[in-house]
Amino acid sequence: MDAKVALIGSGNAFFMDEGIGLYAGKYFKENFTYDPPLDVVDGGTLGFRLMPLLQEYEHVLIVNTSSDDALAVGTIVVMSGDELIEHQGIKKTANEVEITEMLQICSMASHCAATTMVSIVPEDIISVCVDITPALRAHWESYIEMIVSELAKCGITATLKNEVMSLDEIIEQFANPSIEHSKGF
């Protein structure tokens with residue numbers, strides 16, 4: 001671990017919009033360079049197995065969905081780990097439950113990374129399909145811009161490469177994992 005900051009893409013690519021955090025993580029891994037270095041991690045649905053990362057890094061940025069029915073689809077929510085613990089987070093999916101509980105446990109450790117969650121409200125986390133809805137596609141660029149902004153707050157400059165992998169190419173890799181594409185990430 002050379003970097004002091006990690007971006008963790010979290011979610012489940014099999015349940016439509018719930019995979020958007022994974023797609024964002026892959027997008028950042030493939031399409032940006034960073035100064036200073038940034039580790040981009042496929043957090044998938046690791047839940048509690050992400051705890052060591054919270055103890056290794058100074059800053060952790062988790063990107064995922066937040067299935068908050070009180071907010072409009074596509075709303076982007078930025079919340080610190082402390083705020084998430086205080087408000088008990090949204091616990092509609094197993095992934096949301098585990099992330100909130102993981103943060104609660106790690107907050108009692110001798111070291112816990114300053115954690116920020118950048119979530120987007122999904123439209124569909126029920127359908128079994130590796131894709132995202134048109135409603136979330138319409139907010140994709142805003143979601144990416146917000147993540148870049150949050151990385152800057154951690155002291156990371158993210159510079160877009162000249163050639164980029166599109167969202168559709170990323171989704172295709174998750175839908176058809178192969179050794180060539182490192183099974184998505």
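- With sequence neighbours excluded, the residues satisfying ring pair (Phe, Tyr, Trp, His ring centres under 6.0 Å) with Phe32 are Phe28.
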Checklist entry - Would Leu71 and Val77 satisfy side-chain contact (heavy atoms from CB on, under 4.5 Å), going step by step from the backbone distance to the final call? => result CA-CA 9 Å; Leu71 299 174; Val77 179; 3.6 Å; yes

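- For the pair Asp17 (side chain) and Glu123 (backbone), a donor-acceptor distance under 3.5 Å is present.
- With contacts defined as side-chain heavy-atom distances shorter than 4.5 Å, the pair Ile156/Leu61 does not qualify.
- Interatomic distance, Ile147 CD1 to Ile76 CD1, rounded to the nearest 0.5 Å: 8.0 Å.
- Shown here for Leu53 and Ile8, the closest heavy-atom pair between the two residues is CD1-CD1, 3.7 Å.
- Across all non-hydrogen atoms, the minimal contact from Ala158 to Leu151 is CB-CD1, 4.4 Å.
- Proximity of the aromatic rings of Tyr23 and Trp140 is defined here by a centroid distance below 6.0 angstrom, and this criterion is not met.
- A side chain to side chain contact (heavy atoms under 4.5 Å, CB included) with Met16 holds for exactly one of Thr133, Leu136, Val128, Ile125; it is Thr133.
- Put simply, the side chain of Lys161 gets close to the backbone of Glu30: a donor and an acceptor are under 3.5 Å apart.
- In terms of heavy-atom proximity, Tyr143 sits nearest to Ser119 at CE1-C, 4.1 Å.
- Atom CG in Leu22 sits 11.0 Å away from atom CD1 in Ile171 (nearest 0.5 Å).
- Taken to the nearest 0.5 Å, the CG atom of Asp131 stands 10.0 Å off from the CD atom of Glu172.
- Remark: His139 NE2 to Thr75 OG1 distance equals 7.0 Å, nearest 0.5 Å.
- Every residue meeting the salt bridge (Lys or Arg N to Asp or Glu O under 4.0 Å) condition with Asp168, not counting sequence neighbours, appears here in chain and number order: Arg137.
- Here the side chain of Asn31 pairs a donor or acceptor atom with the backbone of Met165 at under 3.5 angstrom.
- Residue Val63 forms a side chain to side chain contact (heavy atoms under 4.5 Å, CB included) with just one option from Ile144, Ile120, Val118, and that option is Val118.
- Within the 4.5 Å cutoff, side-chain heavy atoms of Phe14 are placed close to those of Val130.
- A pairwise comparison of heavy atoms in Leu7 and Leu38 identifies N-CD1, 3.8 Å as the closest pair.
- Atom CE of Met117 and atom OG1 of Thr65 lie 9.5 Å apart (nearest 0.5 Å).
- Using modelled atom types, no side-chain atom of Tyr57 and backbone atom of Thr115 make a donor-acceptor pair closer than 3.5 Å.
- Expressed to the nearest 0.5 Å, how far OG1 of Thr116 lies from NZ of Lys153 amounts to 8.0 Å.
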